[in-house]
Amino acid sequence: MQHRKISFIGAGNMAGAIISGLVDSGYPANLISVCAPSTTHRDALAEKYGVQSSSDNSGCAKEADVVVLSVKPQMMADVCKALQKDVDFSGKLVLSIAAGVSVARFCELLGDNLNIVRIMPNTPSLVGKGMSGLYAPVQVSQADRDYSGELMTAVGKICWVDTEEGINHVIAAAGSAPAYFFLFMEAMQAEAQRLGFSAETARMLVEQAASGASALVAASPDTPLSQLRENVTSKGGTTFEALKVFTDRKLPEIVSGAMQAAITRAQEMEKLF
Ligand SMILES: NC(=O)C1=CN([C@@H]2O[C@H](COP(=O)(O)OP(=O)(O)OC[C@H]3O[C@@H](n4cnc5c(N)ncnc54)[C@H](OP(=O)(O)O)[C@@H]3O)[C@@H](O)[C@H]2O)C=CC1
Ligand SMILES: O=C(O)[C@@H]1CCC=N1
């Protein structure tokens with residue numbers, strides 16, 4: 001892949017996950033800078049991965065070919081207004097990983113016709129298992145689209161969406177989704193502990209069941225998920241009774257409601273930030 005000089009503005013969970021995945025996949029650490037007000041996160045990244053660490057957002061953005069905006073949506077306007085005063089963004093590629101901040105808003109903050117790609121990643125990027133959705137407005141060149149796709153492919157799988165609304169759908173289905181699975185696993189671990197397992201054994205039972213199920217899905221691309229479920233569900237057996245509790249309590253409706261709530265919040269954020 002192309003190795004351009006890249007600066008992350010914001011050094012938190014998501015920037016850290018991407019940086020880790022990039023360096024592990026061979027992106028040269030000396031081409032990566034990370035900026036944040038405190039040393040807490042950025043210095044840990046510098047120490048662990050050999051990237052440059054700074055508190056000077058504008059300095060880092062000026063030097064970079066690619067600027068990754070990775071602060072919280074609430075912070076985005078203040079951060080961008082300061083950058084806009086100091087940095088000429090023409091000729092640079094801007095990548096935003098923020099939920100709920102639109103291309104139109106970035107153009108308002110950083111300049112019309114901004115060369116920007118919106119990316120919606122997730123934290124499994126940390127271990128090379130990320131899932132990112134990407135959206136680029138019409139002004140973005142094919143070379144910049146290719147670079148953005150290659151960058152995120154270094155930390156997982158990608159899909160492009162044709163409309164910006166698709167980014168909110170990626171949030172619901174992948175960006176926020178690791179937390180859904182963690183919540184499910186937490187509940188299973190807690191019940192396993194109530195059954196008498198130690199915390200470690202309960203975690204191992206749940207972790208291995210989850211990663212095993214996920215590996216089976218990956219190894220069976222032509223098998224519908226419903227078939228994999230049925231393969232576990234013996235007639236008159238235990239799984240049937242367990243699944244009946246989920247369906248009686250309307251798990252599909254709960255999942256649909258949760259995903260719709262994520263989308264609604266992203267739409268609200270687009271008006272707020
Ligand atoms: N977490 C996730 O799973 C996902 C997050 N995202 C998006 O990623 C973005 C970041 O989220 P996340 O990593 O979780 O957030 P974090 O709270 O973990 O990190 C935010 C980072 O921004 C830094 N920061 C705060 N103010 C400034 C500033 N003025 N200039 C530069 N840096 C600043 C913080 O600095 P300091 O280190 O000093 O505290 C911190 O490093 C959000 O927009 C979110 O929507 C997208 C997909 C998934
Ligand atoms: O919760 C959030 O708003 C961010 C976006 C997707 C995952 N975390």
Side-chain angles (χ1 to χ4, degrees), residues 7-21 32-49 51-62 64 67-87 94-103 105-106 109-110 116-127 129-135 151-152 155-159 161 166-183 258-259 261-270 272-273:
S7 286
F8 288 79
I9 310 296
N13 289 310
M14 200 55 247
I18 297 173
I19 289 168
S20 155
I32 302 176
S33 302
V34 59
C35 284
S38 79
T39 53
T40 323
H41 300 106
R42 62 182 166 85
D43 277 5
L45 290 171
E47 208 165 294
K48 195 157 179 200
Y49 301 111
V51 300
Q52 329 301 308
S53 154
S54 164
S55 60
D56 177 9
N57 289 354
S58 295
C60 278
K62 273 185 201 163
V67 179
V68 187
L69 299 170
S70 43
V71 300
K72 289 282 187 201
Q74 294 86 329
M75 301 293 306
M76 197 57 89
D78 286 348
V79 165
C80 287
K81 280 176 194 161
L83 286 174
Q84 197 273 336
K85 282 193 199 132
D86 301 330
V87 184
V94 176
L95 306 178
S96 166
I97 63 166
V101 187
S102 65
V103 167
R105 180 67 175 136
F106 281 113
L109 291 165
L110 294 176
I116 182 166
V117 176
R118 277 191 68 188
I119 299 176
M120 186 46 53
N122 64 10
T123 52
S125 302
L126 182 67
V127 290
K129 294 276 185 187
M131 179 67 233
S132 301
L134 295 92
Y135 168 75
L151 191 76
M152 299 315 293
V155 298
K157 294 191 177 178
I158 66 162
C159 73
V161 292
I167 285 291
N168 294 346
H169 302 164
V170 172
I171 294 177
S176 293
Y180 316 159
F181 292 109
F182 298 143
L183 181 68
M259 290 173 70
I263 293 169
T264 301
R265 180 57 186 159
Q267 290 166 341
E268 285 167 5
M269 287 159 69
E270 281 165 13
L272 290 171
F273 311 126

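Every number for a ligand or one of its atoms is a count from 1 in the order of the listing.
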Region of C35 engaging ligand 1 - heavy atom pairs below 4.0 Å
backbone

From atom 9 (C) of ligand 1, work out which of V170, V71, L83 has a heavy atom at the shortest distance.
V71

Nearest non-hydrogen atom to atom 10 (C) of ligand 1 belongs to which of G12, S55, S70, A11?
S70

Is it true that T40 lies under 4.0 Å from ligand 1, counting heavy atoms only?
no

Taking all atoms of both residues into account, what is the closest heavy-atom pair of M269 and A99, and its distance?
CE-O, 3.5 Å

Do side-chain atoms of R42 reach the backbone of S54 as a donor and acceptor pair under 3.5 angstrom?
yes

Polar proximity ligand 1 side, A99 side, N/O cut 3.5 Å exclusive:
yes

Value for OG1 (T264) from CE (M259), rounded to nearest 0.5 Å, stands at 12.0 Å

If we only count N/O pairs under 3.5 Å, is N122 in contact with ligand 1?
no

Can you tell which of A82, G175, P37 gets a heavy atom nearest to atom 24 (N) of ligand 1?
P37

Please check if a non-hydrogen protein atom sits closer than 4.0 Å to atom 6 (C) of ligand 2.
yes

Side chain, backbone, both or neither: the part of N57 lying under 4.0 Å from ligand 1 by heavy atom
side chain

With a heavy-atom distance limit of 4.0 Å, tell me whether V79 approaches ligand 1 through its side chain, its backbone, both, or neither.
side chain

What about R42: any of its N or O atoms under 3.5 Å from an N or O on ligand 1?
no

closest protein heavy atom to atom 1 (O) of ligand 2 is S176 OG, 4.6 Å

Atoms of ligand 2 under 4.0 Å from any heavy atom of G175, numbered from 1 in the order shown, are 6 (C), 7 (C)

Kindly determine whether V161 and M120 satisfy side-chain contact (heavy atoms from CB on, under 4.5 Å), including the steps that lead there.
CA-CA 11 Å; V161 292; M120 186 46 53; over 6 Å; no

Using heavy-atom distances, let me know which of H41, M269, M14, M75 sits nearest atom 13 (O) of ligand 1.
M14

So how far is it from F8 CZ to C35 SG, rounded to the nearest 0.5 Å?
11.0 Å

To check your reading of the model: name the closest protein heavy atom to atom 4 (C) of ligand 2, its residue, and the distance in Å.
A99 CB, 4.8 Å

Gap between atom CD1 of I119 and atom CG of L69 - 0.5 Å precision
10.5 Å

Can you find a pair of side-chain heavy atoms, one from M152 and one from I18, that are under 4.5 Å apart?
yes

Proximity winner for atom 23 (C) of ligand 1, if only heavy atoms of S96, S176, P124, G10 are counted:
G10

